[in-house]
Amino acid sequence: MALAISFAFLLLFPVVAQSGNVEFVFNGFTGREENLTTSGASIIKPTGLLRLTNSSKNVIGHAFYEDPIQIISRDSSLYPNASSFSTSFVFAIVPPSSGEGGYGLAFTLSPSKQFPGAQAGHFLGILNSSNDGNSSNHIFAVEFDTVKGYKEVSDSEGNHVGININSMSSVAQKPASYSEEDSGTRTDEVKLESGEPIQAWIEYNGTEQVVNITIAPSPVAKPTAPLISHHVDLTPFLTETMYIGFSASTGEKSSSHYILGWSFSMKGSAPPLNLTQLPVPPGKEKSASSFKPTVIAVIATLSAFTLILLGALFSLTLYKMLGHHESLEEWEIDCPHRFRYRDLYAATKGFKESEIIGAGGFGKVYRGTLPATGSEVAVKKIVRNSANGMREFAAEIESLGRLRHKNLVNLQGWCKRTNDLLIVYDYIPNGSLDSLIYKPKPNFVLNWEKRFNILKGIASGLLYLHEEWEQVVIHRDVKSSNVLIDAEMNARLGDFGLARLYDHDILSHTTNVVGTIGYIAPELARTGKVSTSSDVYAYGILLLEVVSGRRPIGSSNFILVDWVIERHQMGQILDAVDPKLNSTCVVEEVEMVLELGLLCSRQKPEARPTMRQVTRYLSGDDPLPNIEDWGSVDSRTLREMNSRMLKSLISGETVTTSYVSSTTGAISTCSIGSGR
Ligand SMILES: *[C@@H]1O[C@H](CO)[C@@H](O)[C@H](O)[C@H]1NC(C)=O
Ligand SMILES: *[C@@H]1O[C@H](CO)[C@@H](O)[C@H](O)[C@H]1NC(C)=O
Ligand SMILES: *[C@@H]1O[C@H](CO)[C@@H](O)[C@H](O)[C@H]1NC(C)=O
Ligand SMILES: *[C@@H]1O[C@H](CO)[C@@H](O)[C@H](O)[C@H]1NC(C)=O
Ligand SMILES: *[C@@H]1O[C@H](CO)[C@@H](O)[C@H](O)[C@H]1NC(C)=O
Ligand SMILES: *[C@@H]1O[C@H](CO)[C@@H](O)[C@H](O)[C@H]1NC(C)=O
Ligand SMILES: *[C@@H]1O[C@H](CO)[C@@H](O)[C@H](O)[C@H]1NC(C)=O
Ligand SMILES: *[C@@H]1O[C@H](CO)[C@@H](O)[C@H](O)[C@H]1NC(C)=O
């Protein structure tokens with residue numbers, strides 16, 4: 001008989017359950033895709049967040065540990081007890097900006113990872129109205145529910161924690177709260193739906209037959225007194241093997257449900273989570289969570305009087321800081337790269353004049369220190385006239401924010417506030433390449449070795465954008481002032497891809513820079529059509545600029561390319577080298593780079609090399625092709641643009657020209673400013 005049962009069991013459960021010593025800790029879920037089975041709306045985000053549901057109505061999401069655990073021992077004892085287990089996890093429930101969200105999540109033990117027919121809303125994606133309460137469900141769940149129960153169920157309170165066995169009606173429940181060690185009997189409410197990280201501990205002792213549930217806002221240490229301590233023998237309700245994981249759902253009202261980290265053990269207490277390694281829930285930066293307990297601690301020690309005074313002062317500062325409440329649109333909540341305005345405001349000391357480190361075609365750039373991490377950032381502030389296209393903009397930045405290369409300035413994120421756009425980059429200490437060439441500190445000369453290394457770095461960054469990332473990114477504004485130099489004197493290309501936003505007609509009310517005079521490829525000036533070849537053209541001009549120490553276009557119709565070609569045709573190309581380099585240069589390298597500059601800036605796009613070829617020339621892997629006739633540069637466009645630019649500089653106007661949009665084919669006007 002016993003044999004038959006275990007045989008049937010094996011047939012039913014071909015997956016071998018893990019023996020009773022399963023233990024794991026997931027500090028974030030990056031690289032844990034194989035350890036979890038997700039279904040429904042659940043995904044693991046690149047930041048390591050496990051998102052169980054998005055904020056759509058009536059969605060369900062599940063995430064379960066891959067293998068089942070053996071919860072009831074298969075040994076010969078007549079009534080083996082359900083095994084002890086202990087788990088801890090940090091979750092965040094982010095409500096929509098507009099009012100209340102709804103429904104919740106549950107830590108769940110289930111005989112299966114699938115829940116066919118399960119309903120959203122208060123069934124939390126576990127049960128449905130026809131099987132609710134049926135003992136054949138074999139479900140044990142601890143629910144974190146944010147909505148007052150319907151009349152037919154007994155969840156009398158919103159914002160509560162409950163123990164559910166085979167039914168969505170809890171056998172035990174309490175309003176979500178915790179009490180801190182030194183606060184005596186006072187308990188503080190924990191608002192589950194705050195969007196802030198909350199840690200939960202669930203422990204079952206199979207000998208004592210007690211389930212303890214404890215919660216606290218993260219990073220508060222585990223309170224000694226459990227919120228719920230419920231006596232129940234789980235043995236009759238469970239099957240021998242169970243899957244462990246999470247289920248969540250939304251209803252007519254909806255919140256996004258996230259798990260930040262999770263640990264589990266059948267041997268004793270769940271291993272502690274390393275809270276510093278956990279991903280940050282969207283819309284809530286670390287500063288908020290690390291700052292709360294301090295405030296609570298401070299407040300606890302203050303008298304009522306100072307409390308009121310402080311409170312008034314605090315809210316006044318807050319009011320001043322924010323101007324008004326930071327309102328988020330629905331689509332903004334799930335963006336991992338979104339910053340909070342108040343953090344950027346604090347970082348830049350309120351966008352103080354003294355913190356400005358640059359100004360470009362797009363707007364002013366401020367230096368800042370993020371309050372949460374102390375890391376330095378550059379914040380670019382773009383003032384716009386309309387909020388149209390913000391969503392596309394955010395999508396673009398979210399995408400560009402995933403670009404990572406040692407020769408690119410990392411784009412950390414963005415923030416929108418009414419009509420202002422803020423873009424956050426790594427702060428790069430040594431300023432831009434053009435200032436090092438044209439306005440160096442006294443007694444500083446950028447020697448040849450460094451210049452050559454910088455040029456190789458830019459090539460490598462451009463190659464990554466053109467060919468090595470998941471999609472082709474055209475920089476569109478390669479120039480010396482867009483190359484920043486880091487502490488190790490390596491080049492970091494900035495502002496990549498941003499010009500693409502013009503195609504979305506997002507920045508149409510600001511000065512419309514499609515490139516910078518002197519670096520614009522002839523075909524680009526004529527047709528407005530950008531390509532990787534137009535980036536190569538600009539890179540060619542940059543090569544000539546860095547070797548010669550001369551700007552691409554100067555007064556009295558000076559055009560750098562023409563000037564270098566003339567020197568080359570006279571057999572005196574070395575005359576084009578920056579006199580400041582004098583003895584430091586390596587003649588073969590300098591010659592090669594100048595010729596490569598000419599090759600890249602050839603008139604016809606087809607005649608230019610790709611960035612991959614360029615890197616091979618620079619590294620000496622391939623010799624430069626032998627070009628007999630450099631041809632005469634069709635300087636007409638350049639000269640025409642040059643005189644237009646001079647005119648505009650004199651008159652202070654921007655020059656307008658027509659071009660054909662690369663995406664829509666429509667003819668539109670664009671203005672060309674000097675870009676500086
Ligand atoms: C996670 O999955 C990997 C690959 O299947 C496996 O090697 C590892 O042991 C798993 N870790 C846990 C904690 O289950
Ligand atoms: C939310 O997830 C559901 C199910 O995966 C999907 O159909 C829906 O489009 C998502 N909603 C949003 C706003 O992403
Ligand atoms: C309820 O769930 C059960 C078991 O998963 C399923 O068989 C049944 O079809 C579902 N009922 C409804 C009305 O969806
Ligand atoms: C409970 O579920 C089982 C299997 O789905 C079904 O046969 C049984 O009729 C259900 N019991 C009740 C009371 O609904
Ligand atoms: C549950 O909490 C009670 C009361 O604090 C404690 O005595 C007991 O040891 C706890 N049990 C577990 C399994 O944590
Ligand atoms: C099983 O539970 C009983 C109480 O119902 C307890 O006396 C016994 O010690 C438990 N056995 C084990 C192996 O934990
Ligand atoms: C369960 O409770 C018993 C008796 O209080 C204790 O000896 C044992 O260590 C506990 N087990 C776990 C896993 O906490
Ligand atoms: C937690 O993670 C941080 C950062 O990875 C590390 O420095 C620290 O030592 C870890 N703490 C523990 C207790 O493992």
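Because the structure is a prediction, the values reported are computed rather than measured. Counting convention: from 1, in listed order, for ligands and their atoms alike.
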* Does atom 14 (O) of ligand 3 have a protein non-hydrogen atom under 4.0 Å from it? -> yes
* Asked: What do you think, any protein heavy atom under 4.0 angstrom from atom 2 (O) of ligand 8?
  -> yes
* Asked: Hey, what's the ring geometry for Phe264 with Phe85, parallel, tilted or perpendicular (30° and 60° as the breaks)?
  -> parallel
* Asked: Should the ring pair Phe24 and Phe26 be called parallel, tilted or perpendicular, given that the plane angle runs from 0 to 90° and is split at 30 and 60?
  -> parallel
* Asked: Which of the atoms in ligand 3, numbered in the order shown and given with their element, are less than 4.0 Å from a heavy-atom of Asn128?
  -> 1 (C), 2 (O), 3 (C), 8 (C), 10 (C), 11 (N), 12 (C), 14 (O)
* **No-hydrogen, no-angle side-chain donor-acceptor test under 3.5 Å, Ser269 and Glu203** => no
* Asked: Minimum heavy-atom separation for Ala92 to Pro281, with atom names?
  -> CB-CB, 3.7 Å
* Structure fact -> Residues Met242 and His138: closest non-hydrogen pair is CE-O, 3.2 Å
* Does Ala118 reach ligand 3 with a nitrogen or oxygen that is under 3.5 Å from one of the ligand's nitrogen or oxygen atoms? -> no
* N or O contact, Ser130 vs ligand 3, cut-off under 3.5 Å -> yes
* To do: Pick, from Thr250, Asn58, Asn54, the option with the minimum heavy-atom distance to atom 6 (C) of ligand 2.
  => Asn54
For [atom], what is the closest protein heavy atom, and at what distance to 0.1 Å?
atom	answer
atom 7 (O) of ligand 3	Pro116 O, 5.0 Å
atom 9 (O) of ligand 8	Asn274 ND2, 4.7 Å
atom 5 (O) of ligand 8	Gln277 NE2, 3.1 Å
atom 4 (C) of ligand 3	Asn131 ND2, 3.4 Å

* To do: For this output row, return yes or no: ring centroids of Phe246 and Phe91 closer than 6.0 angstrom.
  => no
* State whether the side chain of Gln70 and the backbone N or O of Ile72 hold a donor-acceptor pair below 3.5 Å, judged by distance alone. => yes
